[in-house]
Amino acid sequence: MTAQPGTSGSTGPVTPPAATPPGRPDDRSPRGADTGGSRRPAGSSALREGRAAWILAIPFCLLFLAFTAWPVVQSLFMSITDTRSRDLRKPFSVNIIGLDNFTKALSDPLFRKAAANTAYFVLVGMPLTLVMALAAAVALDKGITRFRAAFRLGFYLPVITSIVAVAVVWRFLLQDPGGLINTALGWVGITGPNWLGDPKWSMPSMILMAAWRNFGTAMIIFLAGLQAVPAELHEAAAIDGAGAWKRFRYVTMPLLRPTLLFVMVTTAIGYLQFFEEPFVMTKGGPLNSTISLSYYTYQQFGFGNYALASAMSYLIFVVIAVVTAIQFRLLRERT
Amino acid sequence: MAVDTASRPSGSAPARARTRKPRSGMVGSSQAGRWWLYAILVVAFIAVVAPFVWMVLGSFKSEGELRQVPPTWLPESASLDNYTQLFDKLSFGQFFTNSIIVAVVVTAGNLVFCSMLGYALAMLDFKGKKLIFTAVMTTLMIPGVVTFVPLFVLVANAGLIDTLPGLFLPFLVSPFGVFLMRQFILGLPKDLLDAGRVDGAGELRIFWRIILPLCGPALATLGILTFLGSWNNFLWPLVVAQSEDRYTLPVALALYSTGQNSTNYGLLLAGATVVIVPILVVFLVFQKRFIEGIATTGLK
Amino acid sequence: MRRTTAITVACMTAAALTVTACGRGPEGGGGTAGQTGAAVDTGKATGEITVWAMGAEGDNLPKLTADFESANPGVKVKVTAIPWDAAHDKFTTAITAGKTPDVAMVGTTWMGEFASSDAIDPTPAQIDKSAFFEGAQKTTEVNGTSYGIPWYVETRVLFYRTDLAKKAGFDTAPTDWQGLKDMAKAMQTKAGAKWGIGLQAGGEGSWQTLMPFAWSDGADLTKDGGKAYNFDSPQILKAAKYYQSFFTDGISNKAAPATPTTEPDFAKGTVPMFISGPWMMSAVEKVGGPGFKDKYDVAPIPAGTTGSSSFVGGSNFVVFKNTKNRDTAWKFVQWLADPKVQAKWYTISTDLPSVKSAWQDPALASDKKLAVFGKQLETAKAPPSFPTWEQAVKALDTEMEKVTKTGADPAAALKAAQQQADSIGTGQ
């Protein structure tokens, strides 16, 4: 029930987004480094710099080549073959079938259904998570002066709770009838839906759960980013007569942009690989309403269809790469 | 830190930002406004923490009570049965030690190696830089499930099955950590570097003595996230360990709470509560660095 | 970055392509039909063997293996307990890397996959295959060859509340399909139940509740001499229609979540009947509290035209091919199938014996509810041991969910499931 399909990064493939305030995340060009290099005369110092850089890079590169790059190459190869689980012992005595796995995946109606579900989840879940996180961060940063640490810890607790326990607890919360959420809704006269049993409400349940689990991480990053917004800018704007909303919009947001980009990119990577909630709660049901791309791919691995599942994984990768590129473009810092 | 003083930034915006403590609160917001905010926060706090509280309370309930409909809040007759059962069954010390060793080594490795490369990518110019960064970003976006089996075969062929290095070696570095450290270091003023060079410090010394001390918040974030990821990792330790001596805590806990056709909720919740304690400690130790770190580190 | 990413990916692909892919050799693995393992030396067992077993079984097994060790001085049985979660992943990776134990407990539905990976050893002739329940023995057979033994078994029967049944006017359990439906309906109208019977409304594993009815009507899940799946046979269609009627008539809840609240609903009487396995006895008694034991009973699956049948599950024990101590490994497995050892294992674990004669042991024979399971096991059936079974039956589960929840036409649904199963193939 807890199985997390892959763990090539220590934070895990489906670990929610996380990070600190980035500097200039749009800095895809080597601009940052060029500045450093170009200021000094070329020659021995550049040589020294290059050597130092490689000394710093070597330990990572060796470990990376061995434990990350090689498995990636092998799995890419697998995606263009007809490998099934029984072939894994002799990985090269398989037939190369080119892009057949990719076309097979794309023409699979269930794969497309999973893609639509994942899109639903990301398009609703991501804004919800980010808004919750940003609101909490702003409130804790500038709104209050006492009990900050307690609120911070409280909002972070869901992040550190293991998914198996989360699954048990949320099953009780979402039960119908008698679950805690529907009981609470009953107090204000609302008849709660059959959250996990109704295909219309199962995905909203997943989204609610994911937002609850993940907004703490984004909040922590926003909090760190907000530290970089100088108080005197706020003071100056206030003297000019700007209200709280205007100050947030025109003072805080521009300075928070790099952080926002970072959080958005990492959240999108995590949410596009949305897996754990349906895995522990619904098994993709009812009526495949919560089956996600990653979960469907995981099932294919389980069935032993390694080649097809690898191809599906790389299709997910392509979507992530495109979404990441779009976000970089949209949120590029004005220079 | 003589260099530090010399490197007094000439004033790029992010650097200046780090020099102030924005602690004064929202300017002009009235007491009433604050009261209103506290009310919202408390409601949100209760909503967010309630499931967690239910989990902890649940660990003191009997299996029968846990399956009642509608569920109860407070245990009808609280007992430590789940915990005593858990500790009776588990050779707890062994699993705990394995988990700690793996998590600490993995965290240390990520902090050191990822910040080294992150610094090189952010501040230095060298051949192959673009390729390395591209490879890092690419692998960050590849679903981990796809490389799992090739990685396992690799580790098996290296003879690392059923060893502690087999548990931590593959995770000593992560693309995520590099991306994070690079982004953070990019935000530091370049002047630091030049000032260091003027002082005649070597590149590695600049990294060690000037850059790293400024990375407190980033390192704290990377530290807690890596620790959390390693601590909760389930599938990798399960397949690498051939004997129970090598199990980590989550693997051992899963052994007793989940059966072929049924789940023991009481044991599961007790286990989840126990496993969270070390993470809480790590969070509490690091959390000052998370937030205050930026305001207090280095440049004053 | 996008451009360079594309280049990197292209480079990696090119690099991968230059690694010589040799194409498939002649199909190995699986072997020819009807193999028997080489005979095992009859002397005392010696040396050390490693054993993997899941969950509570792995936890309890050392209590049993101590007996084997004392009967065979010098033998060491090293048991590693493995969590049920992701146990299948652990086995497939271990097989891939050649890091399997000597002996292991495995799920009955994994046999086809492991046998086709050429990972497990055919059973030697010394082990008497007729000692086991027939349905259980069938789970060890792949393509006519038996691999290992059934270790313990479980089967699905009807659970019902005797007190509420009386209220509804029934003194005995229903014996045919109409009787079951009448009783479930009466539970609602006369005994205050919200739902007459809890049947899984599709989704993962729901075939285990559907197939007992179809098998009771003589269904066969394979056709063409065991070379293809057979999901759209008239027998399964009849069962599917019957199954659907519980939902369309409002007797069963079509909107129950993936993890239903079976035990508390049963204890409260809101859902006073369901179909499940032996583990549910202790589960409902835990929730129901003291005295609940006498408020319910179990009964065989109501009979169709060919009598009462059910689903048989459980776990098997296999020897891996790359064992270094094959003789001792098989001796250990053979020892596990000894009726006395089976009966003792029941007292340790409450797992039901797969060996028929072990049921004469007083610990089992004295329990009336258990006897129902024992009786049901004689006719219970196992699904085919094709390596692709789990994937194919997923299609059936998905289609059945449409039948129960949206009222889809059972014939069309089974046809769709059959089409998917055909395109998946048996994998043999």
Side-chain angles (χ1 to χ4, degrees), chain A residues 2-13 15 18-20 22-25 27 32-33 36-37 49-50 52-53 56-57 59-60 63-64 67-68 71-72 74-75 142-143 145 154-155 157 160 162 165 168-169 172 178 223-224 227-228 230-231 234-235 238 273 310 313 316-317 320-321, chain B residues 17 20 22 24-28 37 45 48-49 51-52 54-55 69-71 106 113 116-117 120 123-126 139 141-148 150-151 170-174 176 180 183-184 186-187 203-204 217-218 221 225-226 229-230 232-236 265 272 279 291 294-295:
Chain A
T2 45
Q4 184 173 292
T7 28
S8 74
S10 63
T11 42
T15 306
T20 36
R24 298 173 211 141
D27 200 340
E49 186 176 323
L56 292 169
F60 178 93
L63 286 162
F64 179 83
F67 294 113
T68 308
V72 165
Q74 224 188 332
S75 64
K142 299 251 159 52
T145 47
F155 291 158
L157 276 179
I160 63 177
S162 81
V168 174
V169 174
F172 288 105
L223 267 175
Q227 299 290 311
H234 269 280
E235 281 155 22
Q273 297 183 41
S310 299
S313 299
I316 299 175
F317 161 74
I320 292 175
Chain B
R20 323 268 155 157
S24 51
M26 189 92 77
V27 187
L37 197 57
F45 183 84
V48 170
V49 175
F52 183 83
W54 194 90
M55 174 187 92
V69 178
V106 166
F113 298 138
M116 279 163 68
L117 180 61
M123 293 280 198
L124 302 178
D125 196 20
F126 61 104
T139 46
M141 292 185 272
I142 294 175
V145 61
V146 74
T147 54
F148 190 84
L151 181 64
F171 308 113
L172 280 184
V173 297
S174 68
F176 178 85
L180 193 153
Q183 296 308 105
F184 185 85
L186 272 178
E203 299 291 341
L204 299 178
T221 310
L225 288 170
T226 310
S230 174
N232 283 340
N233 199 353
F234 173 76
L235 196 53
W236 184 258
Y265 288 145
I279 308 174
I291 321 296
I294 290 175

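Listed for the A:Glu49 side chain is no donor-acceptor partner under 3.5 Å among the backbone atoms of B:Leu124.
No side-chain heavy atom of A:Leu157 sits less than 4.5 Å from a side-chain heavy atom of B:Val48. Looking at heavy atoms from C-beta onward, A:Ser313 lies in side-chain contact with B:Val145 at the 4.5 angstrom threshold.
In this structure, CZ in B:Phe45 is found 7.0 Å from CZ in A:Phe155, a value given to the nearest 0.5 Å. Atoms CZ and OG, on A:Phe67 and B:Ser174 in that order, are 14.0 Å from each other to the nearest 0.5 Å. Rounding to the nearest 0.5 Å gives a distance of 8.5 Å between CG of B:Leu117 and CG of A:Leu56. To the nearest 0.5 Å, the span separating CE on B:Met141 from CD1 on A:Ile320 amounts to 8.0 Å. To the nearest 0.5 Å, atom CZ of residue A:Phe317 and atom OG1 of residue B:Thr139 are 9.0 Å apart. One distance of note links OG of A:Ser162 with CD1 of B:Ile279; it measures 8.0 Å at 0.5 Å rounding.
Annotation for A:Pro59 and B:Met116: closest pair CG-CE, 3.7 Å, computed over non-hydrogen atoms. The shortest non-hydrogen separation linking A:Leu63 to B:Leu172 is CD1-CB, 3.9 Å. The two residues A:Val169 and B:Pro51 come nearest to each other via the heavy atoms CG1-O, 3.4 Å. Nearest heavy-atom pair, A:Ala52 versus B:Leu204, reported as atom, atom and distance to 0.1 Å: O-CD2, 4.0 Å. For the pair B:Pro71 and A:Phe172, the tightest heavy-atom approach, listed with the atom from each and the gap, is CB-CD2, 3.9 Å. When every heavy atom of A:Gln273 is checked against every heavy atom of B:Pro143, the shortest pair comes out as OE1-CA, 3.5 Å.
B:Phe113 is linked by a ring pair (Phe, Tyr, Trp, His ring centres under 6.0 Å) to nothing, counting only residues two or more places apart in sequence or in another chain.
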